[in-house]
Amino acid sequence: MSIIQVERLSKSFSYYEKELGFKKSLKNLVKRKSLIKEAVSEISFAIEQGEMVGFLGPNGSGKTTTLKMLSGILYPTSGQANVFGYVPWERKKEFKMQFSIVMGQKSQLWWDLPANESLYLNKCIYEIEDKAYNLVLDELTEMLDVKDLLNIQVRRLSLGERMKMELIASLIHRPKVIFLDEPTIGLDLISQKRIREFLKHYNQQTKATVILTSHYMADIEDLCKRTIIINQGKIVYDGDLRRVNELFHAKKIIKLQFTDEVPMQALIDYGVIIQHDGMNAVMEIDKHDLQRLSKMILDRFPILDFTIEDIPVEQGIESLYQKDGVRHESLAEV
Ligand SMILES: Nc1ncnc2c1ncn2[C@@H]1O[C@H](COP(=O)(O)OP(=O)(O)OP(=O)(O)O)[C@@H](O)[C@H]1O
């Protein structure tokens, strides 16, 4: 049975429009215009134990709202969810003891205290025995290379160092399910990579189930076999990230460098020209005709260099953001 099951889960927020200006503010006191925002709309998916699933979507698409519902922080408007046998928003103690949510934008550590103190607080909250606590703390600080920083006030740590402490605070009770909401936000490339390596290792070691949201494609590509893409509160793709482009673009990119100038006109018959400056060209060509067209180009033009690349995954995702309806990983559906 799946460890996370989500069935037609929806969340709408109702709020009031606040108009600018003194007069309008006074008027708002008497008569307010109420608005409804459908943040998440009837999403369904199931996740198996040990899976690391990427949760992608543009700003405001409903990722955090979904994770908040699955953590029990928010009640849904309708629909159902089951996380390792518990309904999250019933907030049973046994549930809280076995999951964790990390929000890159929010800190759970006390800023004026050393991380050690916040970690100890979590030890007490989660009722972890001394021996087990010391063992896990030792292991996690070693893996993230922050042993020497445990006694330093959190406010004095760099963003990357703080993020590592946040992760330790969230994992100290060895949760079965982890929701990571932008855990690498604002970090430099090396710190991002370090956190990714850690998460990969942690997942392999503990078989924890992870849902990860990130605006950094590298996080998702590196860690998650499966990606759920959400747009305007609806799931628009559920499958392998690398296959997004196959669903929407039966195309390849070829990059050409010439020894002599080649006019744009001469290239038009071979594909869509994306860039051209005479000595270089980038073109999108039909994947099914790749061999024939490549040969023709090589025979006809004075080529210095020729490379074939896949369409960047971001481009496929952009196409998805413009479409409606669920797509599962299957070319047959296209
Ligand atoms: N408390 C609230 N009241 C009203 N609207 C809300 C509330 N919380 C979220 N929303 C709206 O719901 C939508 C989804 O928000 P959510 O935070 O889930 O998006 P997200 O995908 O996590 O975005 P981002 O990538 O920018 O973090 C947004 O349009 C947001 O403005």
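Small disclaimer: the values here were computed from a predicted structure and weren't measured. Both ligands and their constituent atoms are indexed starting at 1 by order of listing.
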- protein heavy-atom neighbour closest to atom 11 (C) of ligand 1 works out as K37 CG, 3.9 Å
- In terms of residue, atom name and distance, what is the protein heavy atom nearest to atom 14 (C) of ligand 1? G60 O, 3.4 Å
- Message: Could you check whether K11 pairs with E42 (Lys NZ or Arg NE/NH1/NH2 to Asp/Glu carboxylate O, under 4.0 Å)?
- Response: no
- Query: Of all the heavy atoms in H215, does at least one lie under 4.0 Å from an atom in ligand 1?
  - Reply: yes
- Message: Yes or no, since that's all I need: does a protein heavy atom fall within a distance strictly under 4.0 Å of atom 7 (C) of ligand 1?
- Response: yes
- Query: In terms of residue, atom name and distance, what is the protein heavy atom nearest to atom 27 (O) of ligand 1?
  - Reply: T64 OG1, 3.9 Å
- Item | Centroid-centroid distance, Y270 to F301, less than 6.0 Å | yes
- Taking 4.0 angstrom as the limit, do R196 and D219 come out as a salt bridge? yes
- Item | Protein contact for atom 31 (O) of ligand 1 (heavy atom, distance under 4.0 Å) | no
- For ligand 1, which atoms have a heavy atom of N59 less than 4.0 angstrom away? 23 (O), 24 (P), 25 (O), 26 (O)
- protein heavy-atom neighbour closest to atom 4 (C) of ligand 1 works out as F13 CB, 3.4 Å
- With ring centroids as reference points, do F84 and F95 lie under 6.0 angstrom apart? yes
- Looking only at protein heavy atoms, identify the closest one to atom 25 (O) of ligand 1 and say how far it is in Å. K63 NZ, 2.7 Å
- Item | Per-atom contacts, ligand 1 versus S61 - under 4.0 Å to a heavy atom | 19 (O), 20 (P), 21 (O)
- Query: In terms of ring plane angle, is the pair Y133 and Y120 parallel, tilted or perpendicular, where the classes change at 30° and 60°?
  - Reply: perpendicular
- Message: Looking only at protein heavy atoms, which one is nearest to atom 12 (O) of ligand 1, and what is the separation?
- Response: A39 CB, 3.3 Å
- Query: Closest heavy-atom contact between P58 and N231?
  - Reply: CG-OD1, 3.4 Å
- Item | Smallest separation among heavy atoms of F55 and T66, with atom names | CE2-CB, 3.6 Å
- Message: Using a 4.0 Å cutoff against the non-hydrogen atoms of G62, which atoms of ligand 1 qualify?
- Response: 14 (C), 18 (O), 19 (O), 20 (P), 21 (O)
- Should we count CD of Q205 as having more than 12 external heavy atoms under 6.0 Å? yes
- Task: Taking atom types as modelled, find out whether S2 and E48 have a side-chain donor-acceptor pair closer than 3.5 angstrom.
- Result: yes
- Item | Protein contact of atom 16 (P) of ligand 1 - nearest heavy atom, named by residue and atom, plus distance | T65 OG1, 3.5 Å
